[in-house]
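In the text below, chain A, chain B and the rest are named by the order of the sequence lines, each starting its count at 1.
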There are 2 protein chains.
Amino acid sequence: MLRFERELITEWRRLDLPAEAAIVLLAVSGGADSMSLLIAADELKKAKKLDLRLVAAHFNHGLRGEESDADEAFVREICSERKIELAVGHARSKPTSNVEQAARIERYEFLTRTAENLKASIVLTAHTIDDQAETFLLNLIRGSGLDGLSGMRPARNLSNGDDNLKLVRPLLRWAHRAHTEAYCHEIGIDFRSDTMNEDESFTRVRVRKILLPLLRDFNPKIVERLAETARLLCHEIGPAQEVAAEALKLADLKELSEPELGKLLRSWLAVNRGNLRQIELKHIDALRRLIHSRRSGKTVELPGGSNVVKHAGQLVFKKNNIEKEPPDN
Amino acid sequence: MLRFERELITEWRRLDLPAEAAIVLLAVSGGADSMSLLIAADELKKAKKLDLRLVAAHFNHGLRGEESDADEAFVREICSERKIELAVGHARSKPTSNVEQAARIERYEFLTRTAENLKASIVLTAHTIDDQAETFLLNLIRGSGLDGLSGMRPARNLSNGDDNLKLVRPLLRWAHRAHTEAYCHEIGIDFRSDTMNEDESFTRVRVRKILLPLLRDFNPKIVERLAETARLLCHEIGPAQEVAAEALKLADLKELSEPELGKLLRSWLAVNRGNLRQIELKHIDALRRLIHSRRSGKTVELPGGSNVVKHAGQLVFKKNNIEKEPPDN
């Protein structure tokens, strides 16, 4: 067994994932991260360390024309060669704005739908510790508050309230992008490079290509330090408070301390919206002002189109029905 | 009243500092930050907004030869012109290693001793929101854990257990270095520039001159975002747990969850050492391993020379008597 495979099976056990009799869907873009995860999992099956039904899932966003189709053809070819089951989805239409987020929503819808059809219990994605560090920095830069900084979890429920389908990231805690590429070379598997990963008009690309190398000059272990800080925060903040989705009484809110109120508001928004994506400090601060202002009937608009309205001594959450919130990455 | 003075008196009230009948010691290096605080406080006295005994305190570290003496002469001249009381201290010997930290310890010893002699109740330092952001980044880079990231407090007790002497930073929450310089220009007061602030062999200087400008390209409000994140963390982590300094029973520690144990160990170290300066994740992780290892009699060495020893089913803190821990900045 190669070292990358040993590390993967070790993490598989640490995450308490089933080693047999389960159906596992694995999101594969064709890049080094997802190819390394796919091939290593397949190798672990061949080595009888895993005895699972492993299904690859590729979503063709069609955003990069021929390049997207070549990615799909590449994934089809590898899966066919290695006799790995494959599900392929295609985007229905090109998004016109917020391309990255719209693509993410569509991809996760496809993964969830496919997992449900297959009766899979686990969806694997190939996010690495580098992705975690980049996410931490992106959220730090935009001031997303502590929830954003606590980063991606190695495992969480994929759909709200459905305990039977888990999203698991078995590379998140240990694998660097350099490891996934090295493993692909070692085992002789090609991978595709996404030209969007080189496009510096994306903030994430500038974080990866400019900010992280500078931080590495300060501390060669910066990626581990950032990921560890995210993990500490995740522990320290702890699981979200149990908060009902109902309207909140202003009189109760005014009795809370500043940090208690911030925590409650974030949990309440999370329950009502499904997540805290794009919620920044300024939104929480706007809610604080709404609570303490004397005027009634004012509204705070939230990212994605939902609103919080002050009405009859209460804060009321108004969901935008066409809003669809994506998972955390 | 100039805007800087208005902002200062507003923060003075927010911090609940006395406006009269108090003795206040103000640390003055001669740089723009401390000169702006000194002059603005003096102007507030002239405008009858404050009625306090204001004493400037300058410590000559003698680290930069003639430049240090010129700083002292400059502070003496301004204080004499404006009839501000001044206490001056001189370093006894040049530190040979860890110059920055040794200088900080000596300076705070001087400030504490002078404040006690004067029966002052408050020591003011001129740390700005830029200092807070730099401190946050320095601690993030070195992986200091959440305590380090929660940054400097606007007010805290200066000496352990002595509630009568407070260290207060009235510029920390709002003043940028650009504001302090602009105020000095506006009111026609010169200030000194410390050549060490330009020396890129200091990590802090590289954070200020290279990292922060790059982060500002991502978000022009990055300093505010980092300071706000520090403030959120300070609230979220909350005041340290009430932990006794006594030895901890291993059997009790083993029953705690991972985050509970981490929190307890940090509080216990803080009580025993006086602070958590230089304590990094790796030290907490070493203590976790010490707790769970089967061998007895092992030791974890901490920065500054103290140790934690496993002995007779307990964790025991052994203080290095010559260790002196400086305040947090």
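Counted within 6.0 Å of CZ on Arg216(B), heavy atoms from surrounding residues, nucleotides or ligands total more than 12; the atom is thus considered enclosed. Under a cut-off of 6.0 angstrom, the local environment of CD in Glu301(A) is sparse, with at most 12 non-hydrogen atoms contributed by other residues, nucleotides or ligands.
Rounding to the nearest 0.5 angstrom, the gap separating the CD1 atom in Ile141(A) from the CG atom in Asn219(B) is 8.0 Å. Considering CD of Glu228(A) and CG of Asp285(B), their distance stands at 6.0 Å, rounded to 0.5 Å.
Between chain A and the options Leu211(B), Leu215(B), Leu226(B), heavy-atom pairs under 4.5 Å are most frequent for Leu211(B). In terms of heavy-atom pairs under 4.5 Å with chain A, the best-connected choice from Lys221(B), Arg225(B), Arg142(B), Glu224(B) is Arg225(B). The residue among Val207(A), Leu149(A), Leu138(A) with the most heavy atom pairs within less than 4.5 Å of chain B is Val207(A). Between chain B and the options Leu137(A), Leu140(A), Asp217(A), Thr229(A), the largest number of non-hydrogen pairs under 4.5 Å is found for Leu140(A).
Contacts between Asn139(B) and chain A at a heavy-atom distance below 4.5 Å are absent for every atom of the residue. Contacts between Leu214(B) and chain A at a heavy-atom distance below 4.5 Å involve the side chain alone, from C-beta outward. Looking at Ile222(A), the atoms closer than 4.5 Å to chain B (heavy atoms on both sides) all sit in the side chain, from C-beta outward.
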